[in-house]
Colleague: 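Quick one: the structure is below, and I'll ask about it shortly.
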Amino acid sequence: DTAVSQTPKYLVTQMGNDKSIKCEQNLGHDTMYWYKQDSKKFLKIMFSYNNKELIINETVPNRFSPKSPDKAHLNLHINSLELGDSAVYFCASSQDRYAETQYFGPGTRLLVL
Amino acid sequence: SQQGEEDPQALSIQEGENATMNCSYKTSINNLQWYRQNSGRGLVHLILIRSNEREKHSGRLRVTLDTSKKSSSLLITASRAADTASYFCATDGGFQKLVFGTGTRLLVSP
């Protein structure tokens, strides 16, 4: 009965590869987010979707492409992976785009070699 | 950058002691939240304080907010080993964005 789940938990891959991370929430929330946490624990928002519509798109390389097939799912596809993409990626959700509290998934640890 | 800063970066205390961590931010806010992150896990919401509030309590947590100084503090009383985690403040960065601070790593030793 995990509220926000992500797969995979760990991802080790070579530079230049393309990979996807999946996120699902069973809270019935309208809004979902992707965050990146670097090695210094700095957490920064990347994208946000509200009911399948992109509402936040921070300055992120266009190698990163989010997709929301429905409001319970938000996937992140990364093309041509680079060393600097190594980080922990967190998915989160909130009741709606105005809700103040966000609920986070357990994170996906991506290591690019 | 709107990113908040927290201090100390790391705090080590004994069980039963109180832990205080501080957060400073740069822009005006509607609210400020504190989140906890256990090692290898996602963030968990702890408490939210609005800009018109000065102090808020939740169990062993006490949060203060001073909007004139653009700062907040989180006090954990009678700490336990299970409180060992990283603690982040987050402010509303406009457009429903959360802007997180740099975090305080708390270690509570038995």
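The structure presented is a predicted model; accordingly, all values stated were derived computationally and were not measured. Residue numbering restarts at 1 for every chain, and letters A, B, ... go by the order of the sequence lines.
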Colleague: Under a 4.5 Å cutoff for heavy-atom pairs, which residue among A:R109, A:K44, A:E100, A:K41 has the most contacts with chain B?
Modeller: A:E100
Colleague: Do the charged groups of A:E58 and A:K36 touch, with an N to O distance under 4.0 Å?
Modeller: no
Colleague: Salt bridge check: are B:K26 and B:E5 linked by an N-O gap of less than 4.0 Å?
Modeller: no
Colleague: Quick one: of B:L43, B:N30, B:N38, who has the most non-hydrogen atom pairs under 4.5 Å with chain A?
Modeller: B:L43
Colleague: At what distance, to the nearest 0.5 angstrom, does CD of B:E6 lie from CG of B:L11?
Modeller: 12.0 Å
Colleague: State whether B:D66 and B:R54 are salt-bridged, where the test is any N-O pair (Lys NZ or Arg NE/NH1/NH2 against Asp/Glu carboxylate O) under 4.0 Å.
Modeller: no
Colleague: Where on B:L48 is there a heavy atom nearer than 4.5 Å to chain A: the side chain, the backbone, both, or neither?
Modeller: side chain
